[in-house]
Amino acid sequence: MLAIRLTFPAGRYHATPWGQHVNEGDIAWPPEPWRLLRALIATWHHKLKHEQPDNGTRLAALIEALAGQAPSFRLPPATHSHSRHYLPQWKASDTSLALDAFASISPAETLDCIWPDANLDDEQLDLLDQLLDRLGYLGRAESWVEACRTEVPGTPNCQPGTDSVDLETGEILGEMVEVLGPVSAEDYEQLRQRFQAESGKRLPKKVAATLPLSLVEAMSLDTADLQKAGWNLPPAAQRIKYTRPLHAFHPVRGSTSRPRPSLTTMSFVVVGKPLPRIENSLRIGEVTRLAVMRQFGKDDEGCPRTPALLSGHDLPPDNRHHHAFFLPWDSGGSGRIDRIVIHVPGGVDDPARRVLQGLRKIWIPGGGEWQLAMETIGPVSDTHPLMGKARTWETLTPYLHPWHRKKNFSIEDQIRRECHERGLPVPKLERMPEIEINGRMRRPVHFHRFRQRKRGLVQPDRLGSFWRLTFPQPVRGPIALGFACHFGLGLFRPLSTDDSVS
């Protein structure tokens, strides 16, 4: 199986179907496989050709492998929208109205293109990754896109075929549409031979120029040249019927709720002698949370006033780690905790911010006391060492897998599942036996790995492990995964720019 994940940072996908005028206001949805493969070919010519010594043979093999079958899609929620433009004319009395139709998609949503039976070798996968990393847009130039392979695609909701009605019950299963897809390399060769046989010895020049030897060359032809030669459909293309969800362009009412607060991250300087060791990150993370809860106090009935996004209590079932992370870390490489970051992906409002700014002290009963001074507060910033963007991230504290291991559910599988649930692409994984802390090599056993006793708390992993994660494209931090990730375990650091793109 092969799956490509697309996101649209501008929230728009512009694509007029083949054979239709732009003013018809239609959108090719799902994205046409023909258009996607042509975008990969164009990316190779413009951004990768000069780096490839094989003169396009790997590209031809990749395109032919993908053209051999029609992909399925997992389409995100979208809205059919348009803008109107009056184009300038020579005559003042003449106006020309053009409709610019597009699919409006949330930048946070993803679209998966899935080839269930694709079997690419390592060289083809490597070339595909390079092309996807360099792909800038799909469809019109304003359709900005970010693309990568994913090993955990969503369930397809748009598949090739004409099964739009259940023949037994009469239930309408979806809406049938036609999009343009490539033919296989074998079908294209048969078409070329048939045209040569029917036309005798020589084809007209215009037609012969649009029937090159290979499928990739045929897919690379300019649309204007095909139309001049009289083709009503590119010779290397075919119309494919898809059944997409009913109301695929269902209007979405805008939210009337207040915007999410932008204050998500607070950094505190830790002052005291001696500073706590990085091996005690879990204990420092837990006592920091307790200190925050003490700041909010209790109401008249003795219940804590701490907001759910800070306490982690009474959260809705769909909360996906939007509550607070208490992340101790060593900013100077001394092996001692000199900073504590409180990161709340769900954001904090002004009353909570004022309370947090009053946080002054943490302590471990019988184990030390330290003063805190707020250093920064605001949104996630690329300038913060834990929150930059990088492809490669390395362990700072041990990762403890949060679920019990099973035969087909290894530690690697659990890391991939967590990344998928956090909206991160699936990384390549490399296990590290130990890490260096201030000149000393440390293993997971050197770290405190057990939370304070809590009724009902299950800890599937008591050993821990170190990992290096390499994502197909740069991702933003902070990244903390696994058991007790909200208290400093499973914390990763981004490598430098040079390392992260190697």
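Below, each value reflects all heavy atoms present in this structure, side chains not excepted, and no hydrogens, waters or symmetry copies.
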Practice item. Given side-chain contact (heavy atoms from CB on, under 4.5 Å), test R360 with L372 step by step and report yes or no. Key: CA-CA 5 Å; R360 294 287 183 267; L372 300 182; 5.8 Å; no

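- For H45, the NE2 atom is densely surrounded, since the number of other residues' heavy atoms within 6.0 Å is greater than 12.
- The distance from atom CG of L396 to atom CG of L491, rounded to the nearest 0.5 Å, is 5.0 Å.
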Exercise for review: Could you go through the side chain to side chain donor-acceptor pair (under 3.5 Å) check for S220 and R38 one step at a time?
Suggested key: CA-CA 7 Å; S220 304; R38 274 171 60 90; over 6 Å; no

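- Here the shortest heavy-atom pairing between P328 and S281 reads CG-O, 3.4 Å.
- Residues forming a side-chain contact (heavy atoms from CB on, under 4.5 Å) with R134 (at least two apart in sequence, or on another chain): T43, K47, L48, E51, Q130.
- Residues A61 and Q124 share a closest heavy-atom pair of CB-NE2, 3.4 Å.
- Contact annotation: the side chain of V292 approaches that of I342 to within less than 4.5 Å [non-hydrogen atoms, C-beta and beyond].
- In this structure, the side chains of F447 and F466 come closer than 4.5 Å at one or more pairs of heavy atoms.
- Salt-bridge check for E436 with R442: failed, with every basic side-chain N at 4.0 Å or more from each acidic carboxylate O.
- Rounding to the nearest 0.5 Å places OG1 of T306 at 4.0 Å from CE of M293.
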Review point. Is there a side-chain contact (heavy atoms from CB on, under 4.5 Å) between Q459 and L400 once you walk through the steps?
Key: CA-CA 9 Å; Q459 183 170 341; L400 274 64; 3.4 Å; yes

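- For R443 and E434, the salt-bridge test fails: no basic side-chain N is under 4.0 Å from an acidic carboxylate O.
- Between the side chain of R289 and the backbone N or O of S311 there is at least one donor-acceptor pair closer than 3.5 Å.
- L120 contributes atom CG, which lies 11.5 Å from atom CG of D126 (distance to the nearest 0.5 angstrom).
- Using a 4.0 Å cut-off between charged nitrogen and carboxylate oxygen, E421 and R417 count as a salt-bridge pair.
- Shown here for P444 and P433, the closest heavy-atom pair between the two residues is CD-O, 4.2 Å.
- Closest heavy-atom contact between H80 and A101: CE1-CB, 4.2 Å.
- Applying the side-chain hydrogen bond (donor to acceptor under 3.5 Å, both in side chains) test to pairs two or more places apart or on separate chains, those with a residue in residues 325-344 are T265-H343, S331-D338, R339-E375.
- Donor-acceptor pairing under 3.5 Å is lacking for the side chains of Q414 and Y399.
- With hydrogens and angles disregarded, no donor-acceptor distance shorter than 3.5 Å links the side chain of H247 to the backbone of F249.
- F296 CZ: more than 12 foreign heavy atoms inside a 6.0 Å radius.
- You'll find the side chain of V179 reaches within 4.5 Å of the side chain of P30, heavy atoms only.
- Checking side-chain atoms of R58 against main-chain N and O of E123 turns up a donor-acceptor pair under 3.5 Å.
- With hydrogens and angles ignored, the 3.5 Å screen pairs no side-chain donor or acceptor of N280 with any backbone N or O of R283.
- Looking at R391, its side chain does come within 3.5 Å of a backbone N or O of F471 through a donor-acceptor pair.
- In this structure, OG1 on T110 lies 10.5 Å from CD1 on I105, to the nearest 0.5 angstrom.
- For G181 against P33, the heavy-atom pair with the smallest separation is CA-CB, 4.3 Å.
- Taking a cutoff of 4.0 Å between a charged side-chain nitrogen and a carboxylate oxygen, R405 and D413 do not qualify as a salt bridge.
- A donor-acceptor pair under 3.5 Å is formed between the side chain of T397 and the backbone N or O of G488.
- The structure places CG of L469 at 9.5 Å from CD of E394, a figure rounded to the nearest 0.5 Å.
- For the atom pair SG (C158) and CG (L75), the distance works out to 4.5 Å, reported to the nearest 0.5 Å.
- Side chain of H448 to backbone of F450: a donor-acceptor contact under 3.5 angstrom is found.
- A salt bridge links E418 with R422: the distance from a Lys NZ or Arg NE/NH1/NH2 to an Asp or Glu carboxylate oxygen falls below 4.0 Å.
- Put simply, the side chain of L131 reaches to within 4.5 Å of the side chain of L62, judged on heavy atoms.
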Review point. Where do R449 and D461 land on the salt bridge (Lys or Arg N to Asp or Glu O under 4.0 Å) test, with the steps shown first?
Key: CA-CA 9 Å; R449 307 179 308 284; D461 184 5; over 6 Å; no

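- Side-chain contact between W370 and P276: present, with at least one pair of heavy atoms (C-beta onward) separated by less than 4.5 Å.
- Residues P160 and S72 form a side-chain contact, since some pair of their non-hydrogen atoms from C-beta on lies under 4.5 Å apart.
- Using the six-membered ring where Trp is involved, H323 and H486 have ring planes that are parallel, under 30° apart on the 30 and 60° scheme.
- Under the side-chain contact (heavy atoms from CB on, under 4.5 Å) rule, I4 has a single partner from L135, I114, L128, L111, which is L128.
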Point to revise | side-chain contact (heavy atoms from CB on, under 4.5 Å) between D100 and E142, intermediate numbers included | key: CA-CA 11 Å; D100 182 10; E142 55 267 50; 4.0 Å; yes

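- R440 places no side-chain N or O within 3.5 Å of a backbone atom of N438 that could act as its donor or acceptor partner.
- In the displayed structure, W403 atom CH2 is contacted under 6.0 Å by more than 12 heavy atoms of other residues, nucleotides or ligands.
- Residues C419 and R416 have side chains not in contact (no heavy-atom distance under 4.5 Å, counting atoms from C-beta outward).
- Side chain of S143 to main chain of G139: no donor-acceptor pair is present (N/O by atom type, distance under 3.5 Å, no hydrogens or angles).
- Listed by first and then second residue, the side-chain hydrogen bond (donor to acceptor under 3.5 Å, both in side chains) pairs that reach into residues 3-12 are R5-D112, sequence neighbours excluded.
- Side-chain contact between L66 and W115: present, with at least one pair of heavy atoms (C-beta onward) separated by less than 4.5 Å.
- Between the side chain of T395 and the backbone N or O of W467, at least one donor-acceptor pair lies under 3.5 Å.
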Review point. Does the pair L463 and V445 meet the rule for a side-chain contact (heavy atoms from CB on, under 4.5 Å), with working shown?
Key: CA-CA 7 Å; L463 299 177; V445 70; over 6 Å; no

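- With F487 as the aromatic partner, R451 meets the cation-pi criteria of under 6.0 angstrom to the ring centre and within 45 degrees of the ring axis.
- Of all the heavy atoms in G464 and R431, the pair that sits closest is O-NH2, 4.4 Å.
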